[in-house]
Every structure is written in C-alpha cells, then in structure tokens.
Amino acid sequence: MTRLVWFNGRLVDAGEAVVSVSTHALHYGTAVFEGIRAYWTVKQRPAIFRLREHVKRFFVSARIYRIEIPFTEDEIAEACKAVVRENGLKDAYIRPIAYIATTELGIKARDRRAGVAVLAKEWGKYLGEAYEKGARVTVSPWRRLPSFSFPTTAKASGHYINSFLAAMDAHEKGFDEAILLDHRGFVSEGTGENLFIVKDGVAYTPPIQASILPGITRDTIMTLLGDMGVEVVEKDITLGELLSADEAFFTGTAAEVTPVVEVDNVKIGDGKPGPLTRKLQKLYSDVVRGKIEKYEGWLEYV
Ligand code: PPE
C-alpha cells in the first residue's frame with residue numbers, strides 16, 4: 001500500500017491507519033468494501049473508472065448490512081481521488097472499506113457506526129501472465145452461498161471467506177483461479193471475477209440468481225458487446241455449456257478482461273484466448289484510458 005491513507009476523514013500515514021484487535025468487523029466479517037481502478041489517460045492525467053457506480057454500490061452494500069457510514073457519497077468519491085492524487089499515482093487500485101468499528105464483543109452490534117478507510121496501491125495484472133496467455137481454472141469444491149443465506153449482491157468482507165477457500169484450493173492444485181458453482185450447480189463466478197462464455201457468436205453470462213456479485217465490469221462489458229452488435233444473454237450456464245463454449249473470459253475491476261482457456265484441463269475452444277475476448281480486452285483497455293470519446297462519461301478525472 002502507498003504512504004497516505006484516507007482514514008475517517010483525513011489523509012494520514014499508513015502506519016496511523018490502524019484498528020483495535022477487538023474491532024467487530026475483524027471478528028464477524030462485518031465490513032463492506034470496493035475495488036476501483038484509476039488509469040493514466042491520453043489526457044496525461046489519471047481518471048477513475050466508473051467511480052460513481054462503485055461508490056453507489058459501496059453505500060448499498062453498507063445499507064443492506066446496516067453499517068452506518070458517517071460520510072456522504074461525494075466525500076467518499078473525493079477521498080478516492082485524494083489517495084490517487086496525494087500519493088502521486090498514475091495507475092492505481094483503490095480500496096474503500098467501511099467496517100463496524102465497535103470494540104464491544106457480541107454479534108449483535110448495538111453501535112453500528114463505521115470506521116472508513118480508502119487505500120490505494122499500484123496493482124498490475126490481477127492474474128499475472130494469464131492476462132495474455134489465458135487462465136487455467138478449476139471448478140471449486142466450494143460452492144457460492146445462495147442469496148437466501150446472505151445478500152450476494154452486497155460486496156461484504158464476510159462473503160469472501162468462501163472465495164478465500166476456493167482461491168487457496170485452486171492455487172494449491174496449480175491452477176490460476178477457481179470457478180464456483182451456485183448452490184444449484186450452475187456456473188456462478190470466479191473468486192473475484194464475473195464470467196462470460198461465447199458460443200456461436202452470442203455471449204452468455206450467469207444471472208443475479210446464480211449468486212454472482214453484479215459486477216460493474218460485467219455491466220461495462222455487456223454495454224460494449226451491445227454496442228458492437230453482439231447479443232448478450234443472461235442465463236443459467238451449466239458446466240457442460242462452459243466446457244463446450246468457443247471462448248470464456250473473466251471480468252472484474254482487478255482482473256479487467258482475462259481469458260479463460262482451460263477448465264480442469266479441458267481446453268475451451270482451441271485452448272487459446274478467443275478472438276472476441278481479445279477484441280474486448282483491447283477495447284476495455286482503450287475505454288479506461290480515455291481513448292474512446294463515446295465512453296468518456298465513465299471516466300472521472302482526478
Ligand atoms: N465477483 C466477485 C466475487 C468479485 O469479488 C468481483 C470484484 C467481481 C465479481 C467483479 O466486480 P467488478 O469489480 O464490479 O467488476 N473483485 C474485486 C476484488 C479483488 C480482490 O482480490 O480483492 C475487484 O476486482 O476489485
């Protein structure tokens with residue numbers, strides 16, 4: 001992480017942005033967070049990609065969990081810009097987090113006021129070489145929890161204990177990433193990415209009902225596909241459909257567009273990143289760097 005962290009309303013040295021070991025969120029996972037990227041643009045200035053949508057999701061996640069953020073959406077958006085600007089970053093990964101700060105033990109927090117921090121760091125390719133070569137993934141033995149267990153549309157820290165298990169399992173087995181199925185057995189998403197498949201020129205992605213996090217990158221890609229004249233269908237995807245796809249790729253703020261070329265050693269298509277995936281990778285990277293005027297509305301300059 002970088003030197004300056006926005007912590008409860010002001011920029012402080014990272015060493016000062018610390019919490020007590022009694023913090024409610026540490027014991028019970030009661031925090032919500034965001035992952036946002038800033039990119040160095042053609043205007044020779046960094047811009048934050050879809051900042052407003054991320055900040056909005058942050059507040060919705062907090063509202064669902066009744067975590068009381070003592071700041072406005074504008075203040076958090078400004079904090080995101082400040083950590084990029086004041087740390088002198090060009091490309092940055094920004095991580096706002098709001099956590100139940102009470103140090104009183106007990107699940108039922110009487111005081112649900114949040115501590116809030118916004119961190120920033122430089123974060124290259126999320127899945128490393130897989131961005132170019134394509135990811136080799138495994139289907140996790142751990143399934144996504146259903147939306148009747150917790151609100152899967154919220155980006156809450158506690159939810160990630162499931163992703164953690166799946167990611168560790170995949171890593172130990174020598175894969176780049178895991179794909180999780182939902183409780184019914186349909187394809188859900190990666191540990192930190194949404195998934196798309198392409199079959200006969202049509203793109204498919206699992207629906208909200210498949211316990212996915214409704215990704216902002218997923219939304220971006222659906223818009224870009226639509227504008228390219230490619231049909232996108234949200235529907236339940238079976239493992240068989242995934243394995244017989246022509247192409248597959250992950251989307252996410254951190255992962256951007258990362259090809260998936262193998263699932264449990266079965267090649268997807270010819271086992272190389274597909275042509276539509278490549279095209280989207282390039283287009284996404286142009287869009288976030290402000291190279292395409294049509295999509296500049298998604299950029300908020302720092
Ligand atoms: N599903 C999950 C489970 C998820 O964590 C992410 C983001 C997505 C889908 C894609 O959402 P979006 O970023 O809005 O397109 N994962 C974040 C966390 C990565 C991490 O390892 O930490 C991210 O990409 O920032």
Side-chain angles (χ1 to χ4, degrees), residues 1 29 31-39 48-61 80 83 91-97 99 117-128 130-131 135 137 140 142-147 149-168 170-171 176-182 187-196 205-225 232 234 237 248-258 260 280-281 284-285 287-288 298:
M1 288 291 163
V32 295
F33 68 97
E34 272 303 318
I36 313 174
R37 273 193 195 264
Y39 293 91
I48 302 180
F49 190 63
R50 304 199 71 177
L51 175 61
R52 296 291 149 178
E53 289 87 342
H54 282 283
V55 171
K56 184 155 276 164
R57 188 172 65 186
F58 187 54
F59 276 78
V60 171
S61 298
C80 291
V83 290
D91 289 298
Y93 182 81
I94 307 162
R95 166 60 53 85
I97 181 163
Y99 55 92
V118 182
L119 326 166
K121 66 172 217 152
E122 281 172 320
W123 199 349
K125 294 293 172 234
Y126 187 57
L127 296 177
Y131 183 83
V137 308
S140 180
W142 300 102
R143 290 194 179 184
R144 269 277 175 262
L145 274 148
S147 57
S149 292
F150 55 44
T152 49
T153 49
K155 195 166 170 67
S157 296
H159 300 181
Y160 281 81
I161 206 87
N162 174 241
S163 281
F164 172 73
L165 286 170
M168 289 302 293
H171 178 71
D176 298 314
E177 177 57 305
I179 286 178
L180 293 100
L181 306 181
D182 70 10
V187 172
S188 179
E189 60 181 348
T191 66
E193 314 89 354
N194 291 116
L195 184 76
F196 285 76
T205 194
I208 305 293
Q209 288 72 21
S211 301
I212 63 161
L213 178 78
I216 291 163
T217 320
R218 174 181 180 272
D219 178 77
T220 300
I221 293 300
M222 288 171 79
T223 303
L224 295 178
L225 282 166
V232 196
E234 284 180 86
I237 296 172
F249 57 88
F250 284 131
T251 64
T253 299
E256 302 170 304
V257 177
T258 300
V260 173
L280 283 169
Q281 254 187 332
Y284 186 78
S285 134
V287 167
V288 297
W298 280 335

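Computed over heavy atoms, backbone and side chain alike; hydrogens, waters and symmetry mates excluded. We count ligands from 1, going down the list as the structure has it; atoms in each ligand are counted the same way.
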Can any side-chain N or O of R37 pair as donor or acceptor with the backbone N or O of T253 at less than 3.5 Å?
yes

Select the closest option to [atom] among [options], judged by heavy-atom distance.
atom: atom 17 (C) of ligand 1; options: E53, R57, K155, E193; result: K155
atom: atom 4 (C) of ligand 1; options: Y126, W123, Y160, F49; result: Y160
atom: atom 3 (C) of ligand 1; options: R144, H159, R50; result: R144

Yes or no on ring-ring contact (aromatic ring centres under 6.0 Å, His included) for Y160 and F33, after CA distance, side-chain angles and deciding distance?
CA-CA 11 Å; Y160 281 81; F33 68 97; 5.0 Å; yes

Before giving the answer on side chain to side chain contact (heavy atoms under 4.5 Å, CB included), spell out for E193 and L127 the whole-Å C-alpha distance, their side-chain angles and the decisive distance to 0.1 Å.
CA-CA 11 Å; E193 314 89 354; L127 296 177; 3.7 Å; yes

Say whether E256 and T217, considering side chains only, have a donor N or O and an acceptor N or O under 3.5 Å apart.
no

Can you see whether R144 engages T152 through a side-chain donor-acceptor pair at a distance of less than 3.5 angstrom?
no

Should the proximity of T191 to ligand 1, defined as any heavy atom under 4.0 Å, be assigned to the side chain, the backbone, both, or neither?
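Under 4.0 Å from ligand 1, T191 contributes backbone atoms alone.
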
What protein heavy atom sits nearest [atom], and how far away is it?
atom: atom 22 (O) of ligand 1; result: R95 NH2, 3.0 Å
atom: atom 6 (C) of ligand 1; result: G192 O, 3.3 Å
atom: atom 13 (O) of ligand 1; result: T253 OG1, 2.6 Å
atom: atom 10 (C) of ligand 1; result: N194 OD1, 3.6 Å

Are there more than 12 heavy atoms of other residues, nucleotides or ligands under 6.0 Å from atom CD1 of I161?
no

Which atoms of ligand 1 have any heavy atom of [X] under 4.0 Å away?
X: E189; result: 1 (N), 2 (C), 3 (C), 9 (C)
X: I216; result: 12 (P), 14 (O), 15 (O)
X: G215; result: 11 (O), 12 (P), 14 (O), 15 (O)
X: Y93; result: 17 (C), 18 (C), 19 (C), 23 (C), 25 (O)

Parallel, tilted or perpendicular, judged at 30° and 60°: which one describes the rings of F249 and F196?
parallel

Tell me whether the rings of W298 and F49 are parallel (<30°), tilted (30 to 60°) or perpendicular (>60°).
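Aromatic pair W298/F49 classed perpendicular.
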
Using heavy atoms and a 4.0 Å limit, tell me yes or no: is R37 in contact with ligand 1?
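Judged by the 4.0 Å heavy-atom criterion, R37 does not count as contacting ligand 1.
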
How would you list, by chain and number, every residue that makes a side-chain contact (heavy atoms from CB on, under 4.5 Å) with R143, sequence neighbours excluded?
L181

Less than 3.5 Å between some nitrogen or oxygen of A254 and one of ligand 1, yes or no?
yes

Does ligand 1 come near enough to T217 that some N or O of the ligand is less than 3.5 Å from an N or O of the residue?
yes

Under the salt bridge (Lys or Arg N to Asp or Glu O under 4.0 Å) test, residues paired with E122 that sit two or more places apart:
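E122 satisfies salt bridge (Lys or Arg N to Asp or Glu O under 4.0 Å) with no residue once adjacent residues are dropped.
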
